[in-house]
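Structure first, commentary second.
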Amino acid sequence: MPTRLNYALALQKLGRNQQAVAEYQRVLQIDPRNITALVRWHIAMITGIGTSRATTLEVLSRIRWQLRGEGLKNYDMVVREYNGAAEIYPNNADVRFALGQVHQQSGNFDQAIDAYQLAMRDSAFEVMARVSSAQCLLSQGKPEAAIQQLEQALQSVRRGSKDQSTPLCGRRDSRGG
């Protein structure tokens, strides 16, 4: 098992993400609770192979699930992996959001909020990052700041829905928009 993990990591570092993902999946078929393989598989998906956001969020959910209770002992390793990815991909909002989720799961709310602030720079993550920040702020007993984050998330959703309802170049689309 460690040999496969090391091989997959080497492939990933060489930029051969597709092959690395396949190796991580083999490890996870044998040991579905291998948190190292799960985290590295997730990082490979969000940094290079064009996996759908729904799939990457599902894997992130599995990682958070494994960090509950006894799994919290893996927190430092998981954070190290995501911090390494953040150094290589400093503008990757997926990595920043994942890091925020891991910090939030472990109760490190200030660090989670910092990560969410960086993820918010990407409009695709703004709403989720603001809602997650609000949850952290509520956990810290800061309801006013949480409300402010939720209001900004709502504004962003409203802006997004206006953008989608406005026809391009003043023409209606084929669905009558």
Side-chain angles (χ1 to χ4, degrees), residues 5-6 8-25 35-67 74-137 139-140 145-146 148-164 166 168:
L5 276 176
N6 289 334
L9 183 60
L11 288 169
Q12 196 171 350
K13 287 183 176 184
L14 290 171
R16 295 164 59 183
N17 278 357
Q18 203 76 17
Q19 291 171 291
V21 164
E23 287 301 317
Y24 291 132
Q25 287 173 324
I35 187 86
T36 303
L38 192 58
V39 168
R40 289 180 182 170
W41 178 45
H42 184 245
I43 289 170
M45 285 193 292
I46 63 177
T47 59
I49 63 167
T51 307
S52 75
R53 177 127 318 119
T55 300
T56 62
L57 289 172
E58 182 182 328
V59 174
L60 181 56
S61 212
R62 286 176 57 189
I63 293 166
R64 287 190 64 180
W65 182 259
Q66 286 196 24
L67 287 173
N74 296 311
Y75 167 76
D76 289 331
M77 179 277 299
V78 172
V79 167
R80 228 181 357 264
E81 292 287 336
Y82 282 110
N83 277 334
E87 287 176 20
I88 297 168
Y89 304 96
N91 298 318
N92 185 309
D94 288 272
V95 172
R96 299 301 182 167
F97 184 78
L99 196 50
Q101 291 280 286
V102 170
H103 286 309
Q104 183 177 352
Q105 181 68 39
S106 66
N108 293 320
F109 301 120
D110 286 334
Q111 290 174 294
I113 291 168
D114 290 345
Y116 292 140
Q117 289 292 329
L118 293 169
M120 280 179 217
R121 294 178 183 170
D122 183 331
S123 61
F125 275 99
E126 183 182 1
V127 173
M128 290 189 304
R130 286 194 185 284
V131 170
S132 296
S133 289
Q135 291 170 337
C136 291
L137 291 162
S139 295
Q140 292 178 316
Q148 188 176 35
Q149 286 297 320
L150 292 171
E151 286 173 346
Q152 290 174 346
L154 183 57
Q155 288 173 3
S156 178
V157 169
R158 286 180 177 151
R159 271 192 316 272
S161 65
K162 283 181 187 173
D163 291 346
Q164 292 174 358
T166 305
L168 297 175

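We use all heavy atoms of the structure for the numbers below, so side chains are in, but hydrogens, waters and symmetry mates are not. Start at 1 with the first residue, then count along the sequence. Small disclaimer: the values here were computed from a predicted structure and weren't measured.
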Residue pairs, two or more places apart or on separate chains, that pass salt bridge (Lys or Arg N to Asp or Glu O under 4.0 Å) and touch residues 44-64: R53-D94
Test item: Y24 and T36 side chains (from C-beta on) under 4.5 Å apart, heavy atoms: no
Q155: side-chain hydrogen bond (donor to acceptor under 3.5 Å, both in side chains) partners, not counting sequence neighbours: none
Pairing residues for N17 by the side-chain hydrogen bond (donor to acceptor under 3.5 Å, both in side chains) criterion, not counting sequence neighbours: none
Validation: residues 41-50 side-chain donor-acceptor distances under 3.5 Å, sequence neighbours left out:
from, atom 1, to, atom 2, distance (Å)
H42, ND1, Y82, OH, 2.6
H42, NE2, T56, O, 3.1
T47, OG1, I43, O, 2.6

Among N74, I63, L67, the one residue meeting side-chain contact (heavy atoms from CB on, under 4.5 Å) with V39: I63
E23: partners by salt bridge (charged side-chain N to carboxylate O under 4.0 Å, His left out), with sequence neighbours left out: R4, R26
Rounded distance (nearest 0.5 Å) linking atom CG of L11 with atom NZ of K13: 12.0 Å
S139 side, atom OG; Q104 side, atom CD - distance, nearest 0.5 Å: 7.0 Å
side-chain hydrogen bond (donor to acceptor under 3.5 Å, both in side chains) involving S133 - partner list, sequence neighbours excluded: none
A115 versus R96, closest heavy-atom pair with distance: CB-O, 3.4 Å
Between CG on residue L154 and CZ on residue R158, distance to nearest 0.5 Å: 4.0 Å
side-chain contact (heavy atoms from CB on, under 4.5 Å) partners of S156, counting only residues at least two apart: E126, V127, R159
For D110, all residues meeting side-chain hydrogen bond (donor to acceptor under 3.5 Å, both in side chains), sequence neighbours excluded: Q140
For R40, salt bridge (charged side-chain N to carboxylate O under 4.0 Å, His left out) partners two or more places apart: E81
Check: V78 and Q66 side chains under 4.5 Å, non-hydrogen atoms: no
Set of ring-ring contact (aromatic ring centres under 6.0 Å, His included) partners for F109, sequence neighbours left out: none
Short side-chain to backbone donor-acceptor contact, N92 and V95, under 3.5 Å: yes
Distance-minimising heavy-atom pair for G100 and A112: O-CB, 3.4 Å
side-chain contact (heavy atoms from CB on, under 4.5 Å) partners for N6, two or more places apart: none
Qualifying ring pair (Phe, Tyr, Trp, His ring centres under 6.0 Å) pairs, either residue in residues 110-130, two or more places apart: F97-Y116, F97-F125
Closest contact, heavy atoms only, D122 versus A93: CB-CB, 3.4 Å
Which atom of I113 lies closest to which atom of L137, heavy atoms considered: CD1-CD2, 3.7 Å
Nearest-0.5 Å distance that lies between atom CD in E151 and atom CZ in R130: 11.0 Å
Separation between CG of L14 and CD of Q19, rounded to the nearest 0.5 Å: 9.5 Å
